[in-house]
Amino acid sequence: MSKKPAPRANISALLQEKRVFKPAAEFSARAHVKTFAQYRKLWLESVRKPDAFWRKQAKAELVWQKPFAKVLQWKEPFAKWFVGGRLNASANCLDKWLETAHANKAAIIWEGEPATDGRAGEERVLTFRQLHREVCRFANVLKRHGIKRGDRIIIYLPMVPEAVVAMLACARIGAVHSVVFGGFSAQSVADRVQDSGARMIITSDGGYRRGAIVALKKNVDEALAITDANGDRPAKSCEKVIVVRRTGHEIHLAEGRDFWWHRELDYVDANCPAVPLDSEAPLFILYTSGSTGKPKGILHTTAGYLLGAKMTHKYVFDVRDEDVFWCTADVGWVTGHSYIVYGPLANGTTCVMYEGAPNWPEPDRFWRIIEKYRVSILYTAPTAIRAFMKWGDDWVKKHDLSSLRLLGSVGEPINPEAWMWYHNVVGGGRCPIVDTWWQTETGAIMITPLPGATPTKPGTATLPFFGILPEVVDDSGKPVPKNTGGKLVVRKPWPWMLRGIWGDPARYKETYWSEVKHSYFTGDGCRQDEDGYFWIVGRIDDVLNVAGHRIGTAEVESALVSHPSVAEAAVVGRPDELKGQALVCFVTLKTGQAATQDLKNELRNHVGKEIGPVAKPDDVRFADALPKTRSGKIMRRLLKQIASGMEIKGDTTTLEDLSVLAKLSNPDE
Ligand code: WTA
């Protein structure tokens with residue numbers, strides 16, 4: 001049914017990679033950090049005297065309505081940073097610029113997906129002053145609908161400027177936003193409404209994706225029907241839905257519950273002072289997959305997170321006033337939060353925001369956008385880079401990309417082939433590449449080169465950012481020797497770390513602070529090379545990285561067994577050329593169910609409906625039984641080998657039934 005994955009030459013290349021790229025002298029001369037020695041000195045200072053370092057940075061980078069007294073209060077695993085301070089994230093992103101020359105600078109240059117003349121999309125530009133006005137007005141809409149400090153709000157929008165406006169409007173009045181990626185299903189929205197106890201959903205009639213309309217409002221209607229039917233919706237939760245008009249197709253508006261965004265703006269003015277909030281006031285919750293079936297609501301708070309987004313954006317992308325920065329991630333992911341919204345706006349940087357797909361209407365849409373707006377910094381994901389490689393160099397070469405001066409990568413390990421292609425074809429051999437490692441939980445970049453200072457090697461995120469103390473350790477928590485694989489941990493708290501899992505402190509402690517003593521456990525495997533560079537090799541827990549999206553195998557398994565025909569399911573990853581990893585599902589059916597191709601398709605769609613199109617399995621394989629140990633544990637290691645088409649290795653003596661294994665290896669027999 002599915003194509004066999006092509007062999008991944010890059011796995012061995014990763015181990016042999018010896019190429020080193022030193023920062024160009026012209027680049028370094030103008031950079032914030034100009035030499036490796038300067039980076040090293042600052043980093044040492046930041047980890048040796050964190051208190052003094054962070055005090056200085058937080059004072060210099062953020063605008064405080066009340067100064068903080070104490071830098072860190074650490075009661076493992078609970079951190080409070082910049083204790084006693086008050087500030088507002090929206091004021092730091094917007095008000096700060098009003099009395100400066102930045103006021104009339106473009107904050108967001110937005111391009112819609114539909115290509116009006118077959119090539120160019122619709123454009124909207126919002127200056128810092130205009131964005132400030134929109135945020136103030138919408139914050140007043142929230143207030144008019146009874147939203148108060150601490151209330152949670154679900155934002156389920158396409159990539160339109162209103163998504164940024166909604167986030168900052170929440171931040172302005174102390175409401176907590178939880179953005180749900182537009183590719184998630186009604187069921188996922190329902191789960192997040194329930195878990196967060198959200199009082200409102202902000203959505204749109206629909207969004208555009210590859211020319212088609214994604215019916216977001218319809219999903220919201222379904223999501224609320226699900227929570228109502230479950231009786232899951234506590235009183236006062238999700239009484240209101242605000243709807244942005246984007247696609248203009250007909251939708252149902254429930255009387256008294258649903259309101260048009262543009263109509264509501266008629267009732268308010270643009271005067272809305274930013275509320276001074278505690279440093280530790282929750283700023284947002286972002287749900288992400290873990291190794292159990294239930295997504296975790298990762299909690300970030302105001303001051304530490306904002307400092308991280310701002311500082312990393314400034315130093316890692318080496319931003320200057322004249323830059324045009326483009327992060328291609330969706331605002332529904334943490335990358336969009338930190339590098340479309342909070343980081344760039346706090347630095348007064350002009351950002352490009354694009355609504356749609358990279359290959360719509362043709363595979364050169366990204367290059368067209370870069371040429372059109374003279375983008376100088378591009379931040380994208382390896383899975384996209386590999387897709388561009390496949391589509392061919394000609395699409396890139398058709399365009400003038402001479403405005404680019406720096407390239408970034410995030411989301412998964414970048415294979416050296418893709419790195420070299422990015423460097424040569426997109427960057428014209430002249431742009432440094434920053435391969436940035438971080439996670440939803442870490443809030444902002446953690447391991448990364450600084451482009452004017454750090455020599456890079458294709459495939460490694462290199463060295464830690466200021467204040468970050470990562471280490472590679474064995475199961476007992478001891479550091480492993482150079483060039484030995486182990487678990488990646490972070491030894492000290494940092495300002496932009498997660499503060500917890502929403503509503504579940506025990507799970508927070510268990511997941512992140514129990515695996516290795518007194519350390520934050522990332523869930524990633526890693527090795528350090530002879531220069532101390534960190535080579536991330538991917539997840540070691542039951543989480544897959546499919547096209548840069550984290551997908552918990554347990555989530556997909558529980559979606560599969562919720563289908564009436566399925567008895568049992570096991571989900572594993574196999575290497576995939578484009579997506580990094582692909583999802584392979586082994587399914588046993590209930591007695592009497594026929595193992596047909598139709599049912600395979602139905603199961604794929606079922607997972608899509610339960611979680612969202614991002615989690616649709618690439619491959620569904622039926623089996624009479626799953627290989628298990630005597631104690632009843634599914635042997636995923638074996639399934640992984642089978643899924644990758646590898647020969648079965650290792651110990652199979654604990655297998656309950658060896659014939660199961662034989663059948664799984666030959667699924668078509
Ligand atoms: C992976 C995205 C290697 C890693 C910001 C991590 C990476 C997970 C890199 C987090 C990178 C992210 N090199 N692996 N540069 N960046 N990862 O929460 O496995 O969506 O744990 O955050 O992506 O994914 P998340």
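The analysis underlying the following values was restricted to heavy atoms, covering all of them including side chains, and did not include hydrogens, waters or symmetry mates. Quantities reported herein were computed from a predicted structural model and do not represent experimental measurements. Counting starts at 1 for both ligands and their atoms, in listed order.
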Relative to the heavy atoms of [X], which atoms of ligand 1 are at a distance of less than 4.0 Å?
X      : result
Thr335 : 5 (C)
Thr436 : 9 (C), 11 (C), 15 (N), 16 (N)
Asn545 : 1 (C), 23 (O)
Ile536 : 3 (C), 14 (N)

Any idea which protein heavy atom is nearest [atom], and the distance to it?
atom                    : value
atom 18 (O) of ligand 1 : Thr440 OG1, 2.5 Å
atom 1 (C) of ligand 1  : Gly411 O, 3.3 Å
atom 3 (C) of ligand 1  : Pro413 N, 3.1 Å
atom 19 (O) of ligand 1 : Asp524 OD1, 2.8 Å
atom 2 (C) of ligand 1  : Trp438 O, 4.0 Å

So that I can tick it off, tell me whether [Y] and [X] are bridged by a salt bridge, with the cut-off set at under 4.0 angstrom between side-chain N and carboxylate O.
X      : Y      : value
Glu471 : Arg491 : yes
Lys296 : Glu441 : yes
Arg405 : Asp323 : yes
Asp524 : Arg539 : yes

Does some side-chain heavy atom of Met389 sit less than 4.5 Å from a side-chain heavy atom of Tyr422?
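They are not in contact (no side-chain heavy atoms under 4.5 Å apart), so the answer is no.
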side-chain contact (heavy atoms from CB on, under 4.5 Å) assessment of Phe184 paired with Asn219:
CA-CA 9 Å; Phe184 278 129; Asn219 285 349; over 6 Å; no
Going through the checks in order, is the side-chain hydrogen bond (donor to acceptor under 3.5 Å, both in side chains) test met by Ser338 and Tyr305?
CA-CA 9 Å; Ser338 302; Tyr305 168 79; 2.7 Å; yes
Are Trp391 and Phe388 an aromatic pair by the rule of ring centers under 6.0 Å?
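Centroid separation for Trp391 and Phe388: below 6.0 Å.
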Under 3.5 Å between any N/O of Asp435 and any N/O of ligand 1: does that happen in this structure?
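Yes; the residue has a nitrogen or oxygen that sits under 3.5 Å from a nitrogen or oxygen of the ligand.
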Where on Arg550 is there a heavy atom closer than 4.0 Å to ligand 1, on the side chain, on the backbone, on both, or on neither?
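It is the side chain that gets close, since no backbone atom is under 4.0 Å.
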